[in-house]
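What follows is one structure encoded as structure tokens, with my remarks underneath.
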Amino acid sequence: MKKLDHKGYYFIAPFFIIFLIFNIYPVLLTFYYTFTHYEGYGSPEFIGLANYARIFTDTQFLEAFVNTWKIWGFNFALQLGIALFLAALFSDLRFRIKGLGFFRAIFYLPNLITISSVAILFNIMLDWHYGSVNQFLMNIGLISEPINWLNQPFTAQVSVSLILTWMWFGYTFIVLMAGVSGISKEYYEAALIDGANRIQTFLYITLPLLKPIMLYVMITSLIGGLQLFDLPMLLTDGLGNPEGALNTMVLYLYNQAFRYNNYGYAATIAYMLFLITVVFSAITFKSMYREVNGSKATSKSKKRKAKNAKKRGNVHVYEKVSKQNTYI
């Protein structure tokens, strides 16, 4: 019997060793810290579930949770709306817009700029006294006096949402256009011949067939949105001012760990953030997946009824069901 050669394991061992040390071990150690009071030095003090009990009564964490959803929700609605509009515009056979590659590059360009550069740029543009945004709005007569964009809770949240939209709508547009390019042009040509207008074409062809891509975009955007940290950190003093309006969950976690040296509670926030992300991602996936499966089941049911009607010789019923199934 030929002996097995184990030399191959030596070549793959470095990857698993590094993965265990730098990935698995920190995750397990962080989970252990959730049951302790640890200030970054000395021995951790085991306190059981006290950190988990605290997080449910922590009003600051609740405010950070709400702030995160406000900023991400407004940003995602704008981002997806703009990307869908552009996808519908570029996929419309009536317009036949050329230079799609050029527009993709232009729209995606903000995503290539480092976040620190973006923060410096918009800090200058949104400056209360000398910012170009206030100067422009006053010159065209929309406002009569400068707005302190980053020192008022509402305007600060809106500003961050708009900056994120500017940065990420290009990526969403590229992903949606990739989905649109996978839709057969025969659907659009048939709709054009049948006299469907642009809104009908978008609602009954483009949007239903883009639902799996939109599910991917929504879940990835949700995961990234709940981890929002860098822009609020760089645009403010690091505490989420004004009045805590930009204090997101990850920024609150960062301050608990590295400003107040409360590593045990910060680890608990990290695991709570992980659970929140998993729960909301699962809810989004289930709701969208159920809707997609429901539409597929309805389409199959209509096709089955049409075939049965045709077999029975009921031509009128067959024609009626076929018309209902035209744009599915």
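What's counted below: heavy atoms across the whole structure, side chains too, no hydrogens, waters or symmetry copies.
- Of the residues Leu222, Val217, Leu215, the one that meets the side-chain contact (heavy atoms from CB on, under 4.5 Å) test with Ile219 is Leu215.
- Although no hydrogens or angles enter the test, the distance criterion places a donor-acceptor pair under 3.5 Å between the side chain of Asn51 and the main chain of Thr36.
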Exercise. Could you give me the CA-CA distance, side-chain angles and deciding distance for Asn75 and Gln79, then say whether side-chain hydrogen bond (donor to acceptor under 3.5 Å, both in side chains) is met?
Key: CA-CA 6 Å; Asn75 152 56; Gln79 181 189 138; 3.3 Å; yes

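- Taking the six-membered ring for Trp and thresholds of 30 and 60 degrees, Phe122 and Trp166 have ring planes more than 60 degrees apart, a perpendicular arrangement.
- Met214 places a side-chain heavy atom less than 4.5 Å from the side chain of Leu207.
- One N or O on the side chain of Asn134 and one on the backbone of Trp128 form a donor-acceptor pair closer than 3.5 Å.
- Two residues are said to be in side-chain contact when any heavy atoms from C-beta on lie closer than 4.5 Å; Leu251 and Leu246 fail this criterion.
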Quiz item: How far apart are the C-alpha atoms of Thr34 and Tyr52, what are their side-chain angles, what is the distance that settles it, and do they pass the side-chain hydrogen bond (donor to acceptor under 3.5 Å, both in side chains) test?
Solution: CA-CA 8 Å; Thr34 63; Tyr52 289 96; 3.0 Å; yes

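- When all heavy atoms of Ala178 and Ser181 are compared, the closest pair comes out as O-OG, 2.6 Å.
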Practice problem: Determine, stepwise, if the pair Glu39 / Tyr41 fulfils side-chain contact (heavy atoms from CB on, under 4.5 Å). | Solution: CA-CA 6 Å; Glu39 296 181 353; Tyr41 54 88; 2.9 Å; yes

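- Cluster membership for Ile115 and Leu112, using ILVMFWY side-chain heavy atoms within less than 4.5 angstrom, is shared.
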Exercise. Check the pair Asn262 / His37 against side-chain contact (heavy atoms from CB on, under 4.5 Å), numbers first and verdict last.
Key: CA-CA 7 Å; Asn262 197 348; His37 174 73; 4.1 Å; yes

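- Between Phe173 and Phe90, the distance from one ring center to the other falls under 6.0 angstrom.
- A donor-acceptor pair shorter than 3.5 Å cannot be found between the side chains of Tyr130 and Asp127.
- In this structure, the side chains of Phe107 and Ile174 stay at 4.5 Å or more apart for every pair of heavy atoms.
- Of all heavy-atom pairs spanning Gln152 and Ile147, the tightest one is NE2-CG2, 4.2 Å.
- Of the possible donor and acceptor atoms, one in the side chain of Asn255 sits under 3.5 Å from a partner among the backbone N and O of Gly238.
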Practice problem: Mind running side-chain hydrogen bond (donor to acceptor under 3.5 Å, both in side chains) on Thr206 and Tyr187 for me, showing each step along the way? | Solution: CA-CA 9 Å; Thr206 306; Tyr187 295 132; over 6 Å; no

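- In terms of heavy-atom proximity, Pro153 sits nearest to Pro242 at N-CG, 3.7 Å.
- Within the model, atoms CG of Leu275 and CZ of Phe280 stand 11.5 Å from one another, a figure rounded to the nearest 0.5 Å.
- Between Gln200 and Asn197 the shortest side-chain heavy-atom distance falls below 4.5 Å.
- Between the CG atom in Asp58 and the CD atom in Gln256 there is a gap of 7.0 Å [rounded to 0.5 Å].
- Using a 4.5 Å cut-off between side-chain heavy atoms of Ile, Leu, Val, Met, Phe, Trp and Tyr, with links allowed through other members, Leu78 and Met167 fall into different hydrophobic clusters.
- Of the inter-residue distances, the one linking Asn261 atom CG with Tyr38 atom OH reads 10.0 Å to the nearest 0.5 angstrom.
- Side-chain contact between Leu80 and Met218: absent, with no pair of heavy atoms (C-beta onward) separated by less than 4.5 Å.
- Summarising the geometry, atom OH belonging to Tyr171 is positioned 5.0 Å from atom OG1 belonging to Thr220; distances are rounded to the nearest 0.5 Å.
- Distance alone, capped at 3.5 Å, places no donor-acceptor pair between the Glu63 side chain and the Asn247 backbone.
- Taking the six-membered ring for Trp, Phe258 and Tyr254 have ring centres closer than 6.0 Å.
- Separating the OH atom in Tyr33 from the OH atom in Tyr271 is a distance of 12.5 Å, to the nearest 0.5 Å.
- Residues Phe35 and Ile47 form no side-chain contact, since every pair of their non-hydrogen atoms from C-beta on lies 4.5 Å or further apart.
- Note: the hydrophobic cluster containing Phe274 does not contain Tyr265 (ILVMFWY, side chain heavy atoms under 4.5 Å, direct or indirect links).
- Across Ala87 and Met177, no two heavy atoms sit closer than the pair CA-SD, 3.6 Å.
- Ring planes of Trp72 and Phe76: parallel class, angle under 30° (limits at 30 and 60°).
- No donor-acceptor distance shorter than 3.5 angstrom exists from the side chain of Ser281 to the backbone of Val278, with no hydrogens or angles considered.
- Follow the hydrophobic side-chain contacts under 4.5 Å out from Ile82 and you reach Phe85 in the same cluster.
- The local environment of CD1 in Ile199 is sparse, with at most 12 non-hydrogen atoms from other residues, nucleotides or ligands closer than 6.0 Å.
- Tested against Ile71 for a side-chain contact (heavy atoms from CB on, under 4.5 Å), the candidates Val66, Leu231, Leu164 yield a single pass: Leu164.
- Between Leu239 and Arg259 there is a side-chain heavy-atom pair separated by less than 4.5 Å.
- Both Phe56 and Ile269 are members of a single hydrophobic cluster when ILVMFWY side chains are connected at heavy-atom separations under 4.5 Å.
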Exercise. Kindly indicate, with the supporting measurements, whether the criterion side-chain contact (heavy atoms from CB on, under 4.5 Å) is fulfilled by Thr172 and Ser221.
Key: CA-CA 9 Å; Thr172 306; Ser221 180; over 6 Å; no

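- When only modelled atom types and interatomic distance are considered, Asn67 and Thr248 share no side-chain donor-acceptor pair under 3.5 Å.
- Side-chain atoms of Asn123 and Leu150, non-hydrogen and from C-beta on, do get closer than 4.5 Å to each other.
- Residues Gln135 and His129 come closest through the heavy atom pair NE2-O, 3.4 Å.
- For the pair Thr268 (side chain) and Gly264 (backbone), a donor-acceptor distance under 3.5 Å is present.
- Counting all heavy atoms, side chain and backbone alike, Phe169 lies closest to Ala83 at O-CB, 4.1 Å.
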Self-check item: Full working for side-chain contact (heavy atoms from CB on, under 4.5 Å) between Thr155 and Asn148
Solution: CA-CA 8 Å; Thr155 56; Asn148 202 344; over 6 Å; no

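- The CZ atom of Phe61 lies 6.0 Å from the CE atom of Met272; values are rounded to the nearest 0.5 Å.
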